[in-house]
Every structure is written in structure tokens, then in C-alpha cells.
Amino acid sequence: MFNQKHTEYFKSHETPFYFYDTQLLKETLSALKKSIPENYIIHYALKANPHPTILKLIKHAGLGADCVSGNEVKRALECGFKNTEIVFAGVGKSDKEINFAIDQSIFCFNVESLQELMVINELAKQKNCITNIAIRINPSVDAYTHKYITTGLEENKFGINPHEFNNLIELLKTLKHIKFKGLHFHIGSQIQNLSAFKELCTRVNEINQWFIQKELEAEHLNLGGGLGINYKEPDNEAIVNFEKYFFVFKTFLKHLPHQKIHFELGRSIVASCGSLISRVLYLKKGINTDFLILDAGMTELLRPALYQAYHKIENISKLNDPIEKKYDVVGPICESSDCFGKSVELPETDRGDLIAIRSAGAYGEVMSSRYNLRDQIDSVFMD
Ligand code: LLP
């Protein structure tokens, strides 16, 4: 929630920049910690926001790390995460990345194909060591979310499909330089309909049982991430209801008493605490609309252009003015998709006003680019 204090503080900063409310992040982390059931372990998905200041707060709260590249593994280690708290997923890990992670003795690789399993085994063999792996399984569960962030359907490239299970079992039993530790699942992101997680539990129960029958007992089950946030009303639900989320798993997941349950949450931890702060460069009359042209664009926040994602837009220079106008809010980039929102309801707005694009703490700054040779986006933290 922005107030006059913020606008005063922002006046001295060159726009655009990412603003992070570290107090809200701390509150989110403490709400998360309070709601984590015993036996459940949370890894923070670095891909959502790997800023060192954010990572250090998350590390301090006692979470582990979920990485999808060698550089993310490196960043996690630099920010204080222990090697034994790091999982490494991704369909296309390079030999260089695998070698690096083996050398760091990370907790576990989440392996996404049979060939990758053989490559990890071979690279571990060359180092004369045994590497912990979990198998990422494609559970074929619909997450009811945007098609670009759905990952658990048969048509998606992620995980190993059941038709390969027999070959998989054979490999797991014969390869000598890998150690089977767990089963990993992730069905997608920005999931608000919790029944998708209930369905996931049902599939995990079946698959876990099937592996147990094949004498491959997973020490841990990793249910991935994906919990969605309220983009429409960021101030009404600044912290997601983690309790409700974990309750689904507590209720529907059937596992052996000693099996540990892992999660990889990203968005639900960091999305709310970040906003993109921009300034109005120009107002322009269109045929049927008024344009607000900002100094931030799709290069700073790609989500609206890529997923038609909604982010709440506020004029924080006119916090107390009545909302009486509609604008198409666009960026300066030479692409028609460079639009943050159409017919956005705002107060009468002027050149120079500060605009906040809310809930941008996850998949915002990290997905920014230098397209059009834009400046590297800056970040500002405030407690
Ligand atoms: N685990 C795995 C294997 C994942 O692929 C992801 C996200 C996560 C965990 C964390 O999911 P979360 O809790 O953040 O939903 N750029 C997109 C989101 C891509 C998500 C990719 N995977 C966006 O801006 O919506």
C-alpha cells in the first residue's frame, strides 16, 4: 500500500526502478514459517527473484533453494544457502552445469529425462562419486492456468511420462553413480484453484505407491510450487493464505511416515513485495482512447506482453484524487504488445506523475531485458 512517504522517497530516484517492501517480505516469510507443517521443507524458487538482498532475507528465514541453472546454484551458495539445501531442476542442464552442481554436492538433482539420468551418472562416474537424484514426473494434471505456465500436462516438455517408467526403473536399478532419493512434481504457476493441488495429491499417491511396489522408496516427495497470488487486489491479500495451501496436502497426500515433503515456492513469497515504479512521459490522444506513455515498458516488466498478465496500476502522485479517467497505459518500446493495461481507471494524470505497477516482485526484474539497449533496471529497498 503506497502513501505520501513513498512518493516523497521516490522523488529523488531516477525512474524506472523496482521497489521492494522488505517489511512485507519479512511478514510473508513469517506467515509462511508459521504455517509450514512438520515434516514439510520449503525451497525458494530463485527464478522468481534472485536479487541477493531478497535471497539473504529468505535464507535468514530458513528456507532452502530451488535452482534451474548453474548460475542460480552459484547465486544461492553466494547468498548463504547450504549445498545440502539446494535442488537443481530444468529440462536442459548442460554438462558444465551438472559438473558444477556435482562438485558442490547439492542436495539433489531433479532429473527430467532418461538421457539426462545417464549423463549425470556418467559425469558422476568420471568424478568417482555418487550423486543424489529425484525423478521429475509429469503427472498429467491440469493446473487451470495460462498455457505458457502450465507444466504438468503430457504435451509439456517437463518431467518423465509414465510410458517410460519401466525403462526408468531399470536405469535406476543399474546405474551405479546415482542414488534415487525422491520423486518430483510441478504442475504450473499462478494456480489459484486449489483443487488442482488436490488432483496432484491423488496422482502423487498413485505414483509413490507404484514406485514403492517396485522397491524404489523415495525418501522425499517434492510437490513443486505454483501457488498463485491475488493480482487484482494486492492490498486485500498482500500475503497469500499458506495455511489453506498446505492444508490441501495435509489432507490429501498419503505418504509413508518417514517420507519428507518438499515444496518449491516462488511467486507466493516475493510477488507482492515488489512494484515497478515508473513516470509518465507523455499523454497522447488516440482515436478512441487516451494513452499514458510511461518510461517503463515490456523490457522492465514482460508479463503483460508475454502472458497478457494483469497487474494493478496506480497513480501514486495522486493518491487522494478521485478515479475519473480511463487510459491505455503503454511503454516506450517499439512493439504494439508493449502495453501494461487497456482502459485502466486512474485519476486525471499528468506528465511526470509516478505510476506503480503492483505485484511485480516475482518474474519481474529477473525477466527484464536490454532490448532497444535500455538501461539495466535498478532496484530500491525500503523497510
Ligand atoms: N518449481 C519448478 C520446477 C518450476 O518450474 C517453477 C516455476 C517453480 C517451482 C516456482 O513456481 P511458483 O511458485 O513461482 O509459481 N514467468 C512466469 C512464471 C514461470 C514459472 C516457471 N516455473 C510468470 O511470470 O508468470
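Whatever order the structure lists ligands and atoms in, that order sets their numbers, starting from 1.
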May I ask you to list the atoms of ligand 1 that are less than 4.0 angstrom from any heavy atom of [X]?
X    : result
D66  : 1 (N), 9 (C)
A45  : 10 (C)
L265 : 13 (O)
G266 : 12 (P), 13 (O), 14 (O)
M367 : 16 (N)
R136 : 3 (C)

Has ligand 1 got any nitrogen or oxygen that is less than 3.5 angstrom from a nitrogen or oxygen of [X]?
X    : answer
Y363 : yes
G226 : yes
H184 : no
A48  : no

Would you kindly specify which portion of [X] sits under 4.0 Å from ligand 1, judged on non-hydrogen atoms: side chain, backbone, both or neither?
X    : value
H186 : side chain
R303 : side chain
Y307 : side chain
N110 : neither

Q: Could you check which of E112, H43, Q190, K47 puts a non-hydrogen atom nearest to atom 21 (C) of ligand 1?
A: K47
Q: May I ask you to say whether E8 pairs ionically with K5, meaning some side-chain N is under 4.0 Å from a carboxylate O?
A: no
Q.
With a 4.0 Å cut-off on N to O distance, would you call E300 and R374 a salt bridge?
A. yes
Q. Can we call the ring centroids of F19 and F10 under 6.0 Å apart?
A. yes
Q. Is it true that Y310 and Y231 have ring centroids separated by less than 6.0 Å?
A. no
Q) Do the non-hydrogen side-chain atoms of S275 and Y18 ever get within less than 4.5 Å of each other? A) no
Q.
Starting from L77, can I reach F109 by hopping between I/L/V/M/F/W/Y residues whose side chains sit under 4.5 Å apart?
A. yes
Q. Testing T15, L276, V329 for side chain to side chain contact (heavy atoms under 4.5 Å, CB included) with L294, which one passes?
A. V329
Q) Just checking, any donor-acceptor pair under 3.5 angstrom between side chains of H186 and R136? A) no
Q) Between H6 and F2, how do the two ring planes meet: parallel, tilted or perpendicular, split at 30° and 60°? A) perpendicular
Q) Taking the inter-plane angle between the rings of F263 and Y40 on a 0 to 90° scale, is it parallel (under 30°), tilted (30 to 60°) or perpendicular (over 60°)? A) tilted
